[in-house]
Amino acid sequence: MLDIKFIRDNVEVVRKAAEVKGVDFDVDTTVALGDKVRQLQTEVDEGQRLRREIAEQFKGSDPAGREELRARAKANDEQLKANRAELESSRTELRELLLRAPNIPWSGAPVGDGEADNVVIRQWGTPREFDFTPLDHVDLLEKRGWADFERARKTAGDRAYALKTQAVLLERALHSLALDVLMEQDFELVSVPVLAQREALVGTGFLPGHADEIYFLERDNVFLAGTAEVGLVGMASNEVIDARQLPKQFAGISTCFRREVGSAGRDVRGLLRVHQFEKVEQFVICRNDVEESARWHARLLDTSETILRGLELPHQVVECSTGDMGLGKFRMNDINTWFPSLDTYRETHSCSTLHDWQARRAGIRYKDTDGVIHFAHTLNNTAVATPRLLAALVENHQQADGTVAVPAVLRPYLGGRAIL
RNA sequence: GGAGGGCUCGCAUAGUGGCCGAGUGCGGCGGUCUUGAAAACCGCUUCAGGUUUACCCCUGACGUGGGUUCGAAUCCCACGCCCUCCGCCA
């Protein structure tokens, strides 16, 4: 969400942002509606002032005066009621528009329509040369008895999976590693609720606009969150934080649910794209300062890269283009990890800076040392998301006999074993 | 699911139709005093919208929404949430 005042003062900047992000946003209508709301607000304020004035005169008036005051109050109330109703509907309409206002993207982001325009900005490691024919993760996991897809589908339907035996431990090891790395960096560990009310999803920016991608439990009027970010934003929402408590760093761990309707038929094999997965998410609330949030962006990205280096997984960091980054992002960097079976890098992490776009929706504010209240900046990045990363791990570290070499950083979580 | 109690300024509370956007205590912030600290004393201490360079000023909010009234924290209705007990349950 953008401030209506900002839009009013930066019409062309906003228009341009909508254009490069490929989103439909009517700047002129929004500004006009904003002016209308302002006008109505002034009228309502005046009507209410008059109402008060009449009430105050009432006590000191004689019976005839009181009759007159009653009549004046009645006439004023009718006008006031009409204005109020119009103000409320206009406000609602304005908010609907503002919720679809694009954040202004970073000037360094490649301008383009989508993923194809993303640019690789750095790379770590080189894809391994196998001296045997490597299996893809599905074959490998099934060969070892580490996953059962077919039976899982009996329960959960398409894209379902069940991890078994060593894969269960390996998945937990990945999350434990992520939590430990983040804890060392003073992130507060939070296991967040995954049931989310509509407001929490509006606050994060997933609604309106991405309703199709989110599971909704109609009977209870709740959604299933697609990321711990929802829970973390929800927990911070509508609060004023003491500036001295910033930055707030959270490591949110949760199960994540995604309908994947837009990707029907894509990545249907194995663990690449599933409806339910486990993720440790980095989330930061910091001051409304573009330099500070830029530093945090770099740091969140570095933490994920560090984890991947520790896991000895070749990966690329990508600068996402304006068309790929989404409505609310200022800047987005994906990390794509090498998948031998696909002969390509696939997204395993996504690091985003939202400036105050999200904080404004969710009402995340802080009181500065001078007493002024500001909307905060928020950022998020994946630390570890399984089973996709698990699939990359077993594919990259498989050996000819079907065993999997365990990177040194994971061994402490697996009883010291070097091979599974 | 059943029964009862409750929702007021960070916390605890006062306030049953105008003198209440709201008192008191605690906490927090600033100051006086002090070598420093504590104590004591003084002052400040919710958020949002409009207007404004700023100050000021105006308006709204006592869980939410409606109603009664010239006037509602206070009366009425509906809803939400919290707590306690019973039942069920990981």
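In the text below, chain A, chain B and the rest are named by the order of the sequence lines, each starting its count at 1. Fair warning: this is a prediction, and the values are worked out from it, not measured in the lab.
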Taking the same atom, [atom1], in [N] and in [M], what whole-Å distance lies between them?
N     : M     : atom1 : answer
B:G15 : B:U74 : P     : 15 Å
B:G5  : B:C77 : P     : 14 Å
B:G63 : B:G10 : P     : 13 Å
B:G66 : B:A61 : P     : 11 Å
B:U59 : B:A73 : P     : 14 Å
B:C7  : B:A90 : P     : 35 Å
B:G17 : B:C75 : C1'   : 8 Å
B:C19 : B:C57 : C1'   : 23 Å

Contact list for residues 366-385 of chain A, test ring pair (Phe, Tyr, Trp, His ring centres under 6.0 Å), sequence neighbours left out: A:His355-A:His377, A:Tyr366-A:His374
For [X], give me all partners under side-chain hydrogen bond (donor to acceptor under 3.5 Å, both in side chains), at least two apart in sequence or on another chain.
X        : value
A:Arg417 : A:Gln166
A:Thr30  : none
A:Ser350 : A:Asp334

In this structure, how many angstroms lie between the [atom2] atom of [N] and the [atom1] atom of [X], rounded?
X        : N     : atom1 : atom2 : answer
A:Asn83  : B:G60 : CG    : C1'   : 15 Å
A:Asn238 : B:G10 : CG    : P     : 14 Å
A:Ile241 : B:G10 : CD1   : C1'   : 14 Å
A:Asp242 : B:G27 : CG    : P     : 18 Å

Nucleic acid contacts - residues 34-50 of chain A versus RNA chain B, non-hydrogen atoms under 4.0 Å: A:Arg38, A:Gln41, A:Thr42, A:Asp45, A:Gln48, A:Arg49
Searching all strands shown, indicate the nucleotide that pairs with [N] (Watson-Crick or G-U wobble; both distances under 3.5 Å).
N     : answer
B:G65 : B:C77
B:C29 : B:G43
B:C57 : B:G50
B:C19 : none
B:A37 : none
B:C88 : none

Under-4.0 Å salt bridge between [X] and [Y]:
X        : Y        : result
A:Asp356 : A:Arg360 : yes
A:Glu150 : A:Arg153 : no
A:Glu86  : A:Lys36  : yes

N or O in side chain of A:Arg52 less than 4.0 angstrom from B:C58 OP1/OP2: no
Residue list, side chain to side chain contact (heavy atoms under 4.5 Å, CB included) with [X], at least two apart or on another chain:
X        : answer
A:Pro340 : A:Phe130, A:Trp338, A:Glu395, A:Asn396
A:Ala383 : A:Ala178, A:Leu182, A:Val280, A:Gln282, A:Ile307
A:Lys279 : A:Thr227, A:Cys256, A:Arg258, A:Phe277, A:Glu281, A:Thr382, A:Ala385
A:Arg15  : A:Val11, A:Glu12, A:Val27, A:Asp28

Protein-nucleotides 76-80 of chain B N/O pairs closer than 3.5 Å?
none

Please produce a list of atom pairs where a protein N or O lies less than 3.5 Å from an N or O of nucleotides 65-70 of chain B.
{"residue": "B:G67", "atom": "OP1", "partner": "A:Lys81", "partner atom": "NZ", "Å": "3.1"}
{"residue": "B:C70", "atom": "OP1", "partner": "A:Arg70", "partner atom": "NE", "Å": "2.6"}

Working for salt bridge (Lys or Arg N to Asp or Glu O under 4.0 Å), residues A:Lys74 and A:Asp77: CA-CA 5 Å; A:Lys74 195 177 174 196; A:Asp77 269 4; over 6 Å; no
Centroid separation A:Phe216 to A:Phe223 less than 6.0 Å: yes
Between the protein and nucleotides 45-48 of chain B, are there any N/O to N/O pairs under 3.5 Å, and if so, what are the atom names and distances?
{"residue": "B:C47", "atom": "OP1", "partner": "A:Lys367", "partner atom": "NZ", "Å": "2.8"}
{"residue": "B:C47", "atom": "O3'", "partner": "A:Arg365", "partner atom": "NH1", "Å": "3.1"}
{"residue": "B:A48", "atom": "OP1", "partner": "A:Arg365", "partner atom": "NH1", "Å": "3.2"}

Test item: A:Arg295 and A:Arg299 side chains (from C-beta on) under 4.5 Å apart, heavy atoms: no
A:Leu271 and A:Leu163, any side-chain heavy atoms less than 4.5 Å apart: yes
